Amino acid sequence: MEEATGMEVGVSLEGKPAAAPWGLLYYGAVPALLVLGALYRAAERCWLGPRRVAGALQAQGLRGTASRFPAGDLPENARRSKEARAKPMPPCHDIVPRDILSNKFGHFEKFTLKSLGKLIALGLASYEGEKWARHRRILNPAFRLEKLKRMLPAFSTCCSEMIDRWDSKLADSDGPFELDIWQEFQNLTGDVISRTAFGSSFMEGRRIFQLQEEQADRIIKAVQYIYIPGYLYFPTENNRRMKENSREIEGLLRGIIEKRSRAVENGELSGDDLLGLMLKSNTDSGEPSNLRMSTEDVIEECKLFYFAGMETTSVLLTWTLVVLSMHPEWQHRAREEVTMILYEVLRLYPPAVTLSRRTFKEVQIGGITYPAGVGLELPIILIHHSTDVWGKDGHEFKPERFAEGISKATKTNQQAFFPFGWGPRICIGQNFAMLEAKMALCVILQNFEFQLSPMYTHAPYASVTLHPQHAMVLGAWLMSPASVPWSLLAYGVLGLVLLWQAGRLLHSLWWRPRRLELALRAQGLRGTRYRFLTGDLGEHGRLNREAWARPLPLRCHDIAPRVAPFLHNAVREHGSACFTWFGPTPKVTITDPDLAKDVLSNKFGHFEKPKFPTLTKLFSDSLANHEGEKWVKHRRILNPAFHLEKLKLMLPAFSACCEELVSKWMESLGSDGSYEVDVWPEMQILTGDVISRTAFGSSYLEGRRIFQLQAEQTERLLKCMQKIVIPGYMSLPTKNNRKMHQIKKETDSILRGLVDKRMQAMKEGECTKDDLLGLLLESNMRHTEEDGQSNHGLTIEEVIEECKLFYFAGMETTSVLLTWTILLLSMHPEWQDRAREEILGLFGKNKPGYEGLSRLKIVTMILYEVLRLYPPAVTFTRKTYKQMEIGGVIYPASVIVELPVLLIHHDPNIWGSDAHEFKPDRFAEGISKASKNPGAFLPFGWGPRICIGQNFALLEAKMALCMILQCFKLELMPSYTHAPYSMVTLRPMHAMVLGAGLRSPASVPWSLLAYGVLGLVLLWQAGRLLHSLWWRSRRLELALRAQGLRGTRYRFLTGDLGEHGRLNREVWARPLPLRCHDIAPRVAPFLHSSVREHGKACFSWFGPIPKVTIANPDLAKDVLSNKFGHLEKHKFQGLTKLLSDGVASHEGEKWVKHRRILNPAFHLEKLKLMLPAFSTCCEELVGKWMDSLGPDGSCELDVWPEMQSLTGDVISRTAFGSSYSEGRRIFQLQTEQAELFIGAIQKIVIPGYMYLPTKKNRRMRRINSEVESILRGIIGKRMQAIAEGESTNDDLLGLLLESNMRHADENGRSSPGMTTEDVIEECKLFYFAGMETTSVLLTWTMVVLSMHPEWQDRAREEVFGLFGRDKPEYEGLSRLKTVTMVLYEVLRLYPPAIVFSRKTYKEMEIGGVVYPSGVILELPVLFIHHDREIWGSDVNEFRPERFAEGISRASNDRGAFLPFGWGPRVCIGQNFALLEAKMALCMILQRFEFELAASYTHAPHTVMTLHPMHGAQMKLRMI
């Protein structure tokens, strides 16, 4: 019964197209739906969000302006700025009212405009997190005072040139002269930065300065338009010129840098300019090559030198001379001392008048709680002018306030002086700026006196920095939002959304089908060519109409050309395994019965039944449609109702129904004792009556009403099958749809009443009936009692759905079987006579009993032969929902696999030359000997999903046939037309006219149809987008909450990604105390916050996808064990292929094969052979460290890059043996690739991002090509050597190739080994996984042993006790107890992978919660390892002794230690990693003591694995 509902319906009915206004639909409804999401976000951002935040702030007593849609206070800000700038000031220093119009303060995340930043300088100042820390660490040495001292000659030279220029003007003027010092100081500081940055290349540097100056001017003009999406991509003159400037600047800088880099490589001195110091610091940083600054990074830093170095000092010098001109007494005093003056100028005229930060979580400051996303402005100029802080003379120029230093300059002695910022991000160039300013001021004061010109207008204003307004007019940078082209913004957003949807549509309707077609053809499959949108549906319909127009001759049983003409033609033309197209989806036909059984068995759980959810819900959403654990539960509950001993109890109901049928026919007999009847509707009525009685017993009259309703529902469903492909059709309020919904409600209501009555009777102690409903309820109660809350039984709704399935499957299968049996016995009267003879011999004219029915041989043979020739289901279909291999062909996800039962049952190669003849005697010796292939008889399916009701159907058919043949002789009437056709099941076409007028397609108005299809497809895409980004997420959230899970609320599109990033940035700004191992709040702050707030089982949102955190180790192990095969690893397909598409990313059969081939390479006896390679690499590392020791026998180094280099070297040697030098190149490339991979992950959610030709994407593809080329060469050489008879090496590549050849020899074509491409991907995985895991483990082990020297001593004592100074060997390494305990404890506290994630691809139950498909399950290893309930109160302490009695006794839960995963997918290389770590640690402990350096900052954070954010600086001392 179950399989009978899953066959394909080949119907193509056409009617007159409705005169729908498709143009209106296309141009109106579709854009409206597409832009709905954008409008919601715009409303949230521009109105709802601001209003909510304003209410929250005002409720806490804050006062401020009202939110104005959409521009806020920008127009008022612009108006007041214009008013203020129109009025010059008297020569005073109270400049605040002119430019600062608000009084907000705070300090959090920086605001950045990256699109503009890239054009001027995207350097250190714009970076965050690890990248900022790394660049700051590399740049710091270039700005140390001893380095700046060497730049004084350059400062002096530039100042001298300026003084000479001024002297020349003075000589020409014969007295005092006037000049604009603002422009002069810009030239001076530009010249200084040119010389100090590039030394002898300063002439080229001057050209860069000119270009940067122009660039800054143009960027200020562009700022007003930056909020228009995509504005910088418009081809305006300003935009084009900015891009030209940027290219020229980068070209000049690249040339200078490459010359200098070559000189450094050739051994020349790097020079004392900033570029030379930066390149030297970059080379000496100790970072791996991929973590150092690239040429592009150096270019950006040089651009930042120009902008920041020129701007800050020119502003400071300009205002210093202006102020000293206003206060000549201080000008005279300045010739004695200048530092106090510079500080006072920086106080009154700070270069940056404000610093802005943004809250990225709700935070409390000064008793006020600020929501996330609030801009906090730190007004430096207000703080510097505050009379509460600086006294009543806060607006006066009084340098003497700094006489005792900065800390005592204020009235309250508090820190209120921020001209260069504060904290870790304080300006790196402050000493440079102060030194340059002092030099320039000294030289000027030595040579000149100065005073303000009468023409001078005191008008400071803020434009990036604090400029004199009338010295250099840059133009207003704010304009009224009324002039912003909002219509352009709206059309831009709409265009981007439509473009994205068009790309997705084109991908699904063209690129993906074409790619799949090429992939299938490349593997030797033949099939039809893909036709855009429709595939083969048109040809399918045409052949059906042609075949249905011609009936078959009587006694002709070769029905395949008529029943499935398209399928028959495809197999004949393209072979027994071929593909066709169901719209844009490939449908592969497999006629090999062995492969068909593999598919139906579904060993790896990679198949599902194709579904029509909207129709299924109306008809029966039951066992036949369920998957996974839900199917298992339903099948287990239903099975007892269909056991033979239960079926025997239903024989009286069978007999009663058959008696009624026979009596009706007897009453209809004519005077000649004959009667003409259409047996098809008669058999439908009979089987409907049987299922009514057997399902509901004494309530069968109500059951008959259900049968009538279900029969009508079937009729209506068949009518709408042809229209189901129209998106949303079933939701349209058509007459047919409304009636189907009414039928469903009435059916459900009757069934609910029956079920409620029966359940009430059972509660009152009445015994259950022997009908299907009673047996089902009894089994359900027993299941619930046995499993309790862990696995509750069926709900009332589920029982109702199963009852509806009883009707359809129970009626349809048996009525079809009986109809074709009667027809064939009428065609072959000799077999009718033989069957009657057997029946009369067993029963006479008595009612058949069970024992006799079970002894019927001829009747059974006849029924089997009818099922062979006329199977109820002509095809079974399955759908792959992940890539898998069948018969040597790899099928991608979402391919339909069609198993044509009809073709298999009619195959002469299996059944012999008489395959199309009615010969029941072929089954005389049973099914297994009826054909050449014992498993080629599949009328009820195969495997675990074989029809649950097959015994019911056969028993009913035997009973009916016996009672008919006892009373009647059957023959065909002349009016009978032999025309079988497939409509859900295999029916006689002219026995029941459903009504369907066909007309020529030539009369269809194709233009209208085309526009209609296009409009519907676009509407469908819009609905899919809204469904995936909103409705589905909201529905899943409600479903999870309904089951008691707590979690965050879904935010449109982004989910919790913003909050996740905000919390990461917040915690990364604060390192941990030393010896603190409670790292979860820092490493995974969002996860930590979620678990603390919502419990150990909670959910959050990865974009629109729910991510459920499961911190229970038992449930985590269940997930990792993946018993039902319903989980897969979460992948980033576009990225995986570029990094490593190896065993870690495979699923199902492919994973099994690869794991089986790889396993021998990681057996312990093979790993022993790699110890010399481990030892050699460790000796090289130790030797290098010995060479670095200073005179006192110690040195300081960062062990993190050292461990990366070590493990990269180890994997190079162990993977490729003698080819390890080439392996090292692969290591370098893979390391760089990993860095690029991490940068790309945050953008992978942008559809098609990986296909964009960005610089990083192109670089990743070039790296991938080079890595694959090197590996292909190495593998090719090794395979050639093996082919020539050379022995394989003991490296991983050799062991892999040897195992692969052995696998191929043992399995032959049934399971070929790995291809060269597969081997390449596994080698790439060796690199990434083999290097990353062990380097992380070794780094944290050294860090922790430095924090706990007592354990370092105990470990060293054990190592010396076993090995002394000798090289460690395997036997000794395996006896290390203390070292092993230390490594386990480090893996517990600092696991390399802090979470494992899986994704459900079908509904499944875990821990009593039902998770739908598409949910990410996150298993937080770090939290499980730090759980106080599992590990005790000392969980956050380093206590290796907890592992003294082994892993199983280290905690309260034996399975709570998961550093390498669990279950069948546990890390294959864990023994490799631990052996390597033991070898390295032993050799380091034999030669060195180590402690943390003073510069070490304890800041673990996760990139892909758990890294030390700022490195792991240590001081080594030789023993």
Side-chain angles (χ1 to χ4, degrees), residues 551-557 651-693 700-701 704 707-708 711 715 811 814-849 852-853 856 858-859 862-863 865-866 870 918 920 956-980 987-995:
L552 294 174
L554 291 181
R555 298 176 68 99
C556 172
H557 307 304
L651 279 179
F654 291 175
S655 176
C657 295
C658 293
E659 279 182 342
E660 289 181 4
L661 174 74
V662 168
S663 298
K664 186 175 76 171
W665 287 5
M666 293 288 282
E667 291 170 3
S668 302
L669 292 174
S671 56
D672 60 350
S674 66
Y675 168 59
E676 185 177 322
V677 65
D678 183 353
V679 296
W680 169 236
E682 293 290 318
M683 292 302 108
Q684 286 185 301
I685 292 170
L686 168 66
T687 54
D689 204 14
V690 168
I691 205 69
S692 297
R693 290 179 185 268
Y700 78 96
L701 292 175
R704 279 182 173 172
F707 159 64
Q708 293 163 1
E715 198 66 25
M811 179 197 81
T814 319
S815 61
V816 165
L817 171 56
L818 281 169
T819 299
W820 289 117
T821 302
I822 291 172
L823 287 171
L824 264 67
L825 290 179
S826 300
M827 293 178 183
H828 302 275
E830 70 281 7
W831 280 100
Q832 184 182 154
D833 295 338
R834 289 181 64 179
R836 185 179 294 105
E837 182 182 343
E838 181 183 47
I839 292 166
L840 292 174
L842 277 170
F843 308 114
K845 291 288 185 175
N846 300 320
K847 285 182 188 177
L853 291 174
L856 289 169
I858 292 173
V859 170
I862 289 169
L863 290 173
E865 183 70 346
V866 173
Y870 296 82
F918 180 70
E956 180 186 356
K958 286 180 181 180
M959 174 67 80
L961 194 58
C962 286
M963 295 185 73
I964 290 170
L965 289 175
Q966 281 175 328
C967 301
F968 300 99
K969 185 177 180 182
L970 312 168
E971 63 183 51
L972 287 175
M973 292 302 296
S975 61
Y976 172 71
T977 303
H978 193 39
R987 302 176 171 201
M989 187 172 193
H990 301 295
M992 182 174 70
V993 180
L994 296 178

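The figures that follow rest on heavy atoms only: side chains count, while hydrogens, waters and symmetry mates do not. Not measured: the values here are computed from a predicted model.
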Quiz prompt | Check against side chain to side chain contact (heavy atoms under 4.5 Å, CB included), Trp665 and Val662 | solution = CA-CA 5 Å; Trp665 287 5; Val662 168; 5.8 Å; no

Exercise. Could you give me the CA-CA distance, side-chain angles and deciding distance for Leu961 and Leu825, then say whether side chain to side chain contact (heavy atoms under 4.5 Å, CB included) is met?
Key: CA-CA 11 Å; Leu961 194 58; Leu825 290 179; 4.1 Å; yes

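When the salt bridge (charged side-chain N to carboxylate O under 4.0 Å, His left out) test is applied to Arg834, no partner is found at least two apart in sequence or on another chain. Every residue meeting the ring pair (Phe, Tyr, Trp, His ring centres under 6.0 Å) condition with Tyr870, not counting sequence neighbours, appears here in chain and number order: His557, Trp820. With sequence neighbours excluded, the residues that form a side chain to side chain contact (heavy atoms under 4.5 Å, CB included) with Glu659 are Ser655, Lys847, Met963. In this structure Thr814 satisfies the side-chain hydrogen bond (donor to acceptor under 3.5 Å, both in side chains) test together with Glu956, sequence neighbours excluded. Residues passing the salt bridge (charged side-chain N to carboxylate O under 4.0 Å, His left out) test with Lys664, sequence neighbours excluded: Glu682. In this view, Ser674 and Asp672 satisfy the side-chain hydrogen bond (donor to acceptor under 3.5 Å, both in side chains) rule, not counting sequence neighbours.
Side chain to side chain, Arg555 and His828 meet the donor-acceptor criterion of an N or O pair below 3.5 Å.
Distance check: Ile685 CD1 to Cys657 SG gives 12.0 Å after rounding to the nearest 0.5 Å. Between atom CG of residue Asp833 and atom CD of residue Glu838 there is a gap of 13.0 Å, rounded to the nearest 0.5 Å. In this structure, Phe843 CZ and Leu856 CG are separated by 4.5 Å, a value rounded to the nearest 0.5 Å. Taken to the nearest 0.5 Å, the CD1 atom of Ile822 stands 11.0 Å off from the CG atom of Leu824. Note that CG of Leu651 is 4.5 Å distant from CE of Met959, once rounded to the nearest 0.5 Å. Taking CG of Leu970 as the reference point, atom CD of Gln832 lies at 4.5 Å (rounded to 0.5 Å).
The 12-atom threshold is not exceeded at CD of Glu676, counting heavy atoms of other residues, nucleotides or ligands nearer than 6.0 Å.
In this structure, the side chains of Tyr976 and Met827 come closer than 4.5 Å at one or more pairs of heavy atoms. Between Lys958 and Pro848 the shortest side-chain heavy-atom distance does not fall below 4.5 Å. Side-chain contact between Met666 and Phe968: present, with at least one pair of heavy atoms (C-beta onward) separated by less than 4.5 Å. Put simply, the side chain of Met683 reaches to within 4.5 Å of the side chain of Leu686, judged on heavy atoms. For the pair Val677 and Ser668, the minimum side-chain heavy-atom distance is 4.5 Å or more.
Pairing each heavy atom of Leu818 with each of Ala957, the nearest pair is CD2-O, 3.6 Å. Across all non-hydrogen atoms, the minimal contact from Cys556 to Leu552 is O-CD1, 4.3 Å.
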